[in-house]
Amino acid sequence: SSSLKLHLQADALSNLANNAVVTTWTDSAGGLQGTANGSPTFISNGINNRPAVNFVSASSQYFNFTGSVAQSSASSLFVVFQKDNVGFAGSLLTNMGMAGLYEWYFDVTNKFMIAKNGVSSMVLSNAFVNTTNPYLVSILHNQPTNTGRVYSSETDVFESGTFNQVPSGTPTNFNLGAPTCLCGFTFFSGKISELLLFHQELSNTDRLLLSCYLSAKYNIPVNAICP
């Protein structure tokens with residue numbers, strides 16, 4: 001079966017009017033449906049004139065999906081996004097449940113990471129410099145080999161890390177744009193145009209192919225030679 005477990009595209013919502021409230025967002029990989037909280041909105045020209053879904057952290061806007069996609073010993077996450085505040089942290093994708101589940105988020109110093117909830121960060125990027133620019137970011141990890149890498153349209157390889165935390169627990173649902181605890185100012189604030197999650201550490205060739213495709217689609221340059 002395909003290793004693509006989650007694929008969210010804002011352009012799949014193009015039947016909505018600009019600034020319309022998005023009540024559901026359906027995953028095109030497996031048909032999982034996210035239910036909105038706090039009324040996120042559809043922006044027809046959100047990121048470089050491409051559609052996006054806008055999240056306002058102060059209004060606790062996020063989507064909750066029933067099902068499990070983000071619990072694997074290896075994964076590759078790609079996301080096209082734009083934060084709207086330099087200082088806010090923001091959760092992108094988090095499993096709901098007990099400590100030991102994975103989550104992908106920005107910390108308060110604008111570093112992007114994958115972490116084990118309730119334990120520690122495992123793969124941590126350098127701080128983003130132009131934090132409100134549109135970004136194409138990928139974060140790959142492989143727990144069996146204790147390795148992880150973060151790539152950004154800003155610098156290509158941000159930082160490699162030691163991935164030494166084995167996932168534990170069985171998640172039943174997950175959030176897009178909200179922390180596991182649904183608390184504080186760690187809701188994501190900004191726009192998300194596209195997100196893909198694979199239960200596989202993609203090869204460098206496949207990572208570049210997907211990065212180049214997303215780069216061309218959203219007009220976000222990457223530090224790579226694209227075909």
Side-chain angles (χ1 to χ4, degrees), residues 2-19 22 25-32 34 40-55 63 69-70 74-84 90 92-93 104-106 110 112 114 123 125-141 148-160 176-177 188-227:
S2 172
S3 67
L4 179 60
K5 298 303 179 183
L6 182 67
H7 189 189
L8 296 170
Q9 304 174 81
D11 47 14
L13 303 168
S14 294
N15 60 308
L16 296 175
N18 189 41
N19 292 315
V22 182
W25 198 353
T26 302
D27 153 49
S28 61
L32 297 173
T41 54
F42 174 76
I43 308 297
S44 60
N45 60 345
I47 295 181
N48 290 341
N49 295 314
R50 300 287 300 190
V53 175
N54 190 59
F55 298 75
F63 291 87
V69 296
S75 71
S76 303
L77 179 75
F78 294 76
V79 59
V80 177
F81 68 94
Q82 185 173 11
K83 292 178 65 181
D84 67 7
L92 282 171
L93 192 65
W104 289 259
Y105 67 96
F106 283 93
N110 282 308
F112 190 53
I114 178 174
V123 181
S125 77
N126 296 325
F128 280 54
V129 177
N130 301 305
T131 52
T132 58
N133 283 359
Y135 274 101
L136 163 56
V137 170
S138 58
I139 181 166
L140 287 71
H141 85 263
R149 293 164 289 146
V150 181
Y151 298 86
S152 165
S153 49
E154 187 171 85
T155 60
D156 197 12
V157 182
F158 258 9
E159 189 170 314
S160 297
L176 175 72
F188 179 76
S189 194
K191 302 177 184 71
I192 297 175
S193 282
E194 191 158 351
L195 182 148
L196 301 96
L197 177 68
F198 297 83
H199 274 188
Q200 175 187 355
E201 182 187 24
L202 296 187
S203 68
N204 193 53
T205 297
D206 288 341
R207 178 191 67 80
L208 283 172
L209 285 172
L210 184 51
S211 294
C212 288
Y213 164 74
L214 294 171
S215 169
K217 181 176 179 179
Y218 293 100
N219 193 28
I220 300 175
V222 290
N223 187 20
I225 299 174
C226 291

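Note that the coordinates shown come from a computational prediction; the quantities given were computed from them, not determined experimentally. Quick note: residue numbers are just sequence positions, from 1.
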Original post:
When rounded to the nearest 0.5 angstrom, what distance separates CG in Asn45 from NZ in Lys191?
Top reply: 9.0 Å
Original post:
Between Tyr151 and Leu208, is any pair of side-chain heavy atoms under 4.5 Å apart?
Top reply: no
**OP:** Mark yes or no for whether Asn48, through its side chain, and Asn219, through its backbone, hold a donor-acceptor pair below 3.5 Å.
**Re:** yes
Subject >> Whether Ser28 side chain and His7 backbone form a donor-acceptor pair below 3.5 Å >> reply: yes
Subject >> Rounded distance [0.5 Å steps], CG in Leu4 versus OG in Ser76 >> reply: 10.5 Å
Original post:
Between Ala10 and Phe42, what is the shortest heavy-atom contact and its length?
Top reply: O-CE1, 3.4 Å
**OP:** Determine whether Leu136 and Tyr218 make a side-chain contact, defined as any pair of heavy atoms from C-beta on separated by less than 4.5 Å.
**Re:** no
Original post:
Is the closest side-chain heavy-atom distance between Leu77 and Leu195 below 4.5 Å?
Top reply: yes
**OP:** Grab the two heavy atoms, one from Phe188 and one from Gln82, that are nearest each other, plus how far apart they are.
**Re:** CZ-O, 4.1 Å
Original post:
Heavy-atom distance under 4.5 Å between the side chains of Leu196 and Leu6, does that happen here?
Top reply: no
Original post:
With a 4.5 Å limit on heavy-atom distance, are the side chains of Phe55 and Phe63 in contact?
Top reply: yes
**OP:** Output the distance between atom CZ (Phe198) and atom CG (Asp206), rounded to the nearest 0.5 Å.
**Re:** 8.5 Å
Original post:
Which pair of heavy atoms, one from Ala52 and one from Ser193, lies closest together, and at what distance?
Top reply: CB-OG, 3.3 Å
Subject >> Stepwise side-chain contact (heavy atoms from CB on, under 4.5 Å) check, Ile43 with Asn18 >> reply: CA-CA 5 Å; Ile43 308 297; Asn18 189 41; 4.0 Å; yes
Original post:
Will you find, in the side chains of Asp84 and Ser189, an N or O donor that is under 3.5 Å from an N or O acceptor?
Top reply: yes
Subject >> Within-4.5 Å side-chain heavy-atom neighbours: Leu8 and Ile192 >> reply: no
Original post:
Which distance, rounded to the nearest 0.5 Å, do you find between the OG of Ser203 and the CG of Leu209?
Top reply: 8.0 Å
Original post:
What residues, two or more places apart in sequence or in another chain, satisfy side-chain hydrogen bond (donor to acceptor under 3.5 Å, both in side chains) together with Ser215?
Top reply: none
Subject >> Selection residues 45-55 - residue pairs positive for salt bridge (Lys or Arg N to Asp or Glu O under 4.0 Å), sequence neighbours left out >> reply: Asp11-Arg50
Subject >> CZ-CG distance between Phe78 and Leu140, expressed to the nearest 0.5 angstrom >> reply: 5.5 Å
Original post:
With side chains defined as the heavy atoms from C-beta onward, is the minimum distance between Arg207 and Ser138 less than 4.5 Å?
Top reply: yes
Original post:
Excluding sequence neighbours, so at least two apart, what forms side-chain contact (heavy atoms from CB on, under 4.5 Å) with Thr26?
Top reply: Gln33
Original post:
Can you find a heavy atom in the side chain of Leu197 that is under 4.5 Å from one in the side chain of Ser75?
Top reply: yes
